[in-house]
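A quick write-up on the structure given underneath.
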Amino acid sequence: MSVSRNQRHQTPVNGNANNGTANWRHLVAVFCVIALMIAPVMWGQQPRRGVQNRTIVKPMSNTKRPSNPQPVQAARKGAKGKNVQRITPQIPKANRNQTNKVFLENADLLKADEAISRDYQVLKGNVRFRRGDMYMFCDSAYFYPETSSLDAFGHVRMTQGDTLWVYSDVLHYYGEQGVAELRSNVRLENRSTTLLTDALDYEINSNVGYYFDGGMIVDNRNNTELSSQYGRYELDTKQAEFSRNVHLVNDRYEMFTELLDYNTQSHIAHISSETLIVSDSNTINTTNGWYNTSADDATLYERSLITAKDGKTLLGDTVYYNRKRNYGEARGSVVITDPSNKVILDGDYGYHDDNAHYSYVTGHARAREFSQKDTIHLHADTLCTLINHVVKDSVNDSVRVLRAFNQVRFYRSDVQGICDSLQLSEADTIINMYRHAVVWNLERQIFGDEINVHLNDSTADWATLPTGGFMAEHLGENCYDQLSGKKMKAWFENKELRRLDVDGNVQVIMFPQEKDSTYNKMVNAESSYLRLNLKAKQEVDRITMWPEVSGQVIPLFLAKKSDMFLPQFKWYDELRPKSPADIYDVSDDLKSLMQSIEGGPRRRSGSNANVEAAVVSDQVNTVETAPKTPIEP
């Protein structure tokens, strides 16, 4: 017998069985209503209140953010969207490779109540979504099928092939914009690169991720970590951009800066702000350039500075540095300093090899030695410093050497000089000047093919001219005291000449000063040996010549001009540096002198006159003969 729907819901009047059945049915209905009312609370997991929407300033991105993003609290407030349809199962045969649509692949529990909202589904347990070749996993989620958006919670994971893994506690994905906001314990792994942060916005369409509240990128292949306040990472190009409190660290050095670009594939860091690089061997200060963290070499611009552990520095407009080979070169206003030896080299180009302890500069090259109050300024085409290894008393020793090549000029207030090449050895503290060497002190000039000056605490105490020399002193007008010989050695005291020995082919022209400070005669003499002793303030004390002396004394009014000069006489005053800046003045006359054929002093002939032992002035006590004694080498 058929029963109508109304009849099935009517309560019988008589019968206990019927009454019990009716009561049972009413009780079930009440429980169902209560269950529907509390379903959103029991089954729907609300997003954590601590996670709030933030205004993110990302000047490096052109991606448009959602103009009206899905609210996280949509489940409670309900949706007011237009044209919302009832939730229907997704068609299993739909194309799952669509990149503009998110598909729900799996969930242990799906719940929806259009009385609360018809826009979203509540999912719990082993939730899995798919967008093209990317999969998203979580413990629970709100899913908005119409906009392909979702809020995911608990053990959130995103994967794409075998190249991308992203982990977090919370995920908000906006399907129309293709933007994923990941929050709390975020970790992005892209091949050998790992990004760590607590807040990451990931633009899936462009494969670009941003962090804005502190983060770190780890280049595992290069063992390098980079952290900053703000960061941007392009997964396709492997290019990362960092700003604010940037810190790069690996097992060899650390880098501190405010702006840095880094490529995790090439391992090259581009520097664009004030940067400090610190290692065990040196520090680098720069504001612009690039650093290859894999090859450990760098090209730096805008007056970059490298400071070695021992205090040596290399500064230039452009600096190239290789940490593995431990050498650097610089161009443009280059300055190399050596504080321990109190030497500064500068020029247009500089090179420094820390392993070989070798440095050189060229192009307007200059060396400054400032161990004393008065600095020596030296210029040459090329200047270099190096370490020579010598054996002394069966012990290996290292000796620092300064060398200058081609058209050398130097200036100090008390001494100036020129030569073709020069060497200063730290071992014996001797300055060796070669080819057409000329030295000036006050009105005195000495020149020869080789001059060696021994320094004691940076002050000359003796000097030799082993291959012939010529000394002249300008007294006034055409009067020059002159002395030449095959070998010369001079001793100094308090920067003044005290003694001079000449060995072989000695030739002398002197102008003794009278008591009234005038000159009225000249002495022209020759011998094999000579010794000159001077008192304080360069006053002549004694002149001794031996074994045989020949020459003559000529009154000035009878002297011919040709008699007043030795054949080797040359006065190079026009080539003399007059100031520190004058060392750069390389004239054509200087170039011609340095390129001329070398020639030693010649013995003068034609004079057979005898010189009697006599007092020639109050300043020159005696001119006497003496037995031959050897001159110290």
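Excluded from the calculations below are hydrogen atoms, water molecules and symmetry mates; all remaining heavy atoms, backbone and side chain alike, are included.
Side chain of Ser273 to backbone of Leu259: a donor-acceptor contact under 3.5 angstrom is found. When atom types are taken as modelled, the side chain of Asn190 and the backbone of Thr163 share a donor-acceptor pair closer than 3.5 angstrom. Listed for the Asp198 side chain is a donor-acceptor partner under 3.5 Å among the backbone atoms of Asn185. Proximity of a side-chain donor or acceptor of Ser228 to a complementary backbone N or O of Tyr230 within less than 3.5 Å is detected. Under a 3.5 Å cut-off, the side chain of Asn220 and the backbone N or O of Ser192 do form a donor-acceptor pair. The closest donor-acceptor contact from the side chain of Thr362 to the backbone of Asp381 lies under 3.5 Å. Remark: the backbone N or O of Gly214 is paired with a side-chain donor or acceptor of Thr197 at under 3.5 angstrom. Distance alone, capped at 3.5 Å, is enough to place a donor-acceptor pair between the Arg183 side chain and the Leu200 backbone. Using a distance-only test at 3.5 Å, with no hydrogens or angles considered, a donor-acceptor pair links the side chain of Ser279 to the main chain of Asn282. When atom types are taken as modelled, the side chain of Asn292 and the backbone of Ser294 share a donor-acceptor pair closer than 3.5 angstrom.
Around CD of Gln265, the count of heavy atoms belonging to other residues, nucleotides or ligands within 6.0 Å does not exceed 12. Within a 6.0 Å radius of CG in Asp280, other residues, nucleotides and ligands contribute 12 heavy atoms or fewer.
Ion pairing between a basic and an acidic side chain is recognised when a charged N comes within 4.0 Å of a carboxylate O; Asp108 and Lys124 show no such pairing. Between Asp139 and Arg157, none of the side-chain N atoms (NZ, or NE/NH1/NH2) sits under 4.0 Å from a carboxylate O, so this pair counts as no salt bridge. The pair Lys312-Asp354 fails the salt-bridge criterion, with no side-chain N (NZ, NE, NH1 or NH2) lying under 4.0 Å from an Asp/Glu carboxylate O.
Judged by the 6.0 Å and 45° rule, Arg130 forms no cation-pi pair with Phe103.
The shortest side-chain heavy-atom distance between Leu315 and Arg303 falls under the 4.5 Å cut-off. Contact of the Phe242 side chain with the Leu248 side chain is not registered, since no non-hydrogen atoms from C-beta on lie closer than 4.5 Å. Residues Tyr144 and Glu146 have side chains not in contact (no heavy-atom distance under 4.5 Å, counting atoms from C-beta outward). No side-chain heavy atom of Asp348 sits under 4.5 Å from any side-chain heavy atom of Val334. No side-chain heavy atom of Leu345 sits less than 4.5 Å from a side-chain heavy atom of Arg368. In this structure, Met136 and Tyr173 have side chains that are in contact, with non-hydrogen atoms separated by less than 4.5 Å. Side chains of Leu305 and Leu314 form no contact here, defined as non-hydrogen atoms less than 4.5 Å apart. Residues Leu276 and Val278 meet the side-chain proximity criterion, which asks for heavy atoms closer than 4.5 Å.
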Task: Audit row: Tyr320, Arg331, side-chain hydrogen bond (donor to acceptor under 3.5 Å, both in side chains) steps and yes/no - done: CA-CA 9 Å; Tyr320 172 79; Arg331 290 177 171 83; over 6 Å; no
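Here Tyr142 and Tyr120 bring their ring centres to under 6.0 angstrom of each other. Between Phe129 and Phe143, the gap from one ring centroid to the other is short of 6.0 Å.
With sequence neighbours excluded, the residues that form a side-chain contact (heavy atoms from CB on, under 4.5 Å) with Ser304 are Thr286, Leu300, Val319.
Checking Thr287 against Glu302 by side-chain atom types alone, a donor-acceptor pair falls below 3.5 Å. Side-chain contact, Gln239 with Asn263: a donor N or O sits under 3.5 Å from an acceptor N or O. A donor atom on one side chain and an acceptor atom on the other are not found under 3.5 Å apart for Thr224 and Asp219.
To the nearest 0.5 Å, the span separating CG on Leu402 from OH on Tyr360 amounts to 15.5 Å. One finds the CD atom of Gln121 at 11.5 Å from the CG atom of Leu109 (value rounded to the nearest 0.5 Å). The line from CG of Leu182 to OH of Tyr167 is 12.5 Å long, rounded to the nearest 0.5 Å.
Within the structure, every pair that satisfies the ring pair (Phe, Tyr, Trp, His ring centres under 6.0 Å) test and touches residues 249-276, not counting sequence neighbours, is listed here: His247-Phe256, Tyr253-Tyr291.
Partner Tyr584 forms a side chain to side chain donor-acceptor pair (under 3.5 Å) with one of His377, Arg366, His379 and no other, that one being Arg366. The one candidate from Lys324, Arg252, Arg325 that meets the side chain to side chain donor-acceptor pair (under 3.5 Å) condition with Asp296 is Arg252.
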